Amino acid sequence: MNISSLFLYRTIAHNMARLKIPRKITNPPIVKGFKPYGPDIDSKKRESIILNFEEYEAFRMCDYDMYNHYQASVLMNVSRPTFTRIYASARMKISKAFVEGRQIEFEGGKVYFDSDWYQCNSCGCHFNNPEISISIQNCPLCGSSEVERHTEESLGDMPRNSEDDLCICPECGFTKEHHYGVPCRNEKCPTCNSPLIRKYH
Amino acid sequence: MRIAITSQGNSLESILDQRFGHCKYFVIVDMQTGAIEIIPNPYSEAEEQAGTLAVKLLSSKNVNKIISGEFGIKVKPLLDSLNIQMIMYKKPNIPIGKVIEMLNHNN
């Protein structure tokens, strides 16, 4: 790597947008999109609106399942303000599609789908269960019935490494694991009672 | 039931490849007939998108389960939405023949 490419890399790195936390999707949409109909609609001429999976999920949780923004943000594993932004964007896109008579397509977004993971205690393999309706009894590899479902804590290979994400006390250096949706400043240090801050790397 | 296993070589003595997208070969086992098909992975040298392209290849072969060491962050949601089961087997130096033996013993 020569000096000019290093400079280019630094420029790109500094101007890069902040990384997005992957959003958790529990119910992906059952259709690929929606089409308007009527005599004046020539849907091929107009670009369709791309509704991201995270926006669909935000809209579903708020207006279909009637969760409030805070509850929905915890389910989606993002902070409450981020959730509100996603939800506002979803409503804007849907209203635009309605008013301008455009198609809606569900696509993309920084998301991961949620399926349950299991571990076999006999052969040591990890596997997931893609069919939510069928419960897992046996290991798909060795057939042993000693399978155990992963809980949130034991899942080491999920997209976010929560061990690196800490709240720290600026006074005494006390650290605790950060929980999404709970601002650090609302939590008090147990030893010196000062508000905690997020630890950045 | 068709099961794909990632392999480092094109025989049953080859070792299970711990990578999914960049593995050298896929061994596809048909559990009903016992037929074994070995296909080279055209994306093993690809710099990016190897995982997603490999998923497309395997889903065109009607695979229901995939056995590998680890799956990438882009591959997991893709396989979830295609209803393909992922099995992560992290023990090193496991020959493909032994994995197939375990699967046969299962049935």
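These numbers come from a predicted model, not from an experiment. Within every chain, numbering begins at 1; the chains are lettered A, B, ... in the order of the sequence lines, protein sequences first and strands thereafter.
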Asker: Counting only heavy atoms not in F34(A) (residues, nucleotides, ligands), do more than 12 fall under 6.0 Å from its CZ?
Answerer: no

Asker: Could you grab the distance from atom CE of M88(B) to atom CG of L141(A), nearest 0.5 Å is fine?
Answerer: 12.5 Å

Asker: Does atom NZ of K96(A) have more than 12 heavy-atom neighbours from other groups under 6.0 Å away?
Answerer: no

Asker: Can you tell me how far apart CE (M86(B)) and CZ (F127(A)) are? Round to the nearest 0.5 Å.
Answerer: 12.5 Å

Asker: Identify which part of C123(A) has an atom lying under 4.5 Å from any heavy atom of chain B, answering side chain, backbone, both or neither.
Answerer: both

Asker: For residues I87(B) and H126(A), determine if any side-chain heavy atom of one lies less than 4.5 Å from a side-chain heavy atom of the other.
Answerer: no

Asker: Does OH in Y67(A) sit with more than 12 non-hydrogen atoms of other residues, nucleotides or ligands closer than 6.0 Å?
Answerer: no

Asker: Considering only heavy atoms, which portion of I84(B) lies under 4.5 Å from any heavy atom of chain A: side chain, backbone, both, or neither?
Answerer: backbone

Asker: How long is the span from the OH atom in Y89(B) to the SG atom in C142(A), to the nearest 0.5 Å?
Answerer: 7.5 Å

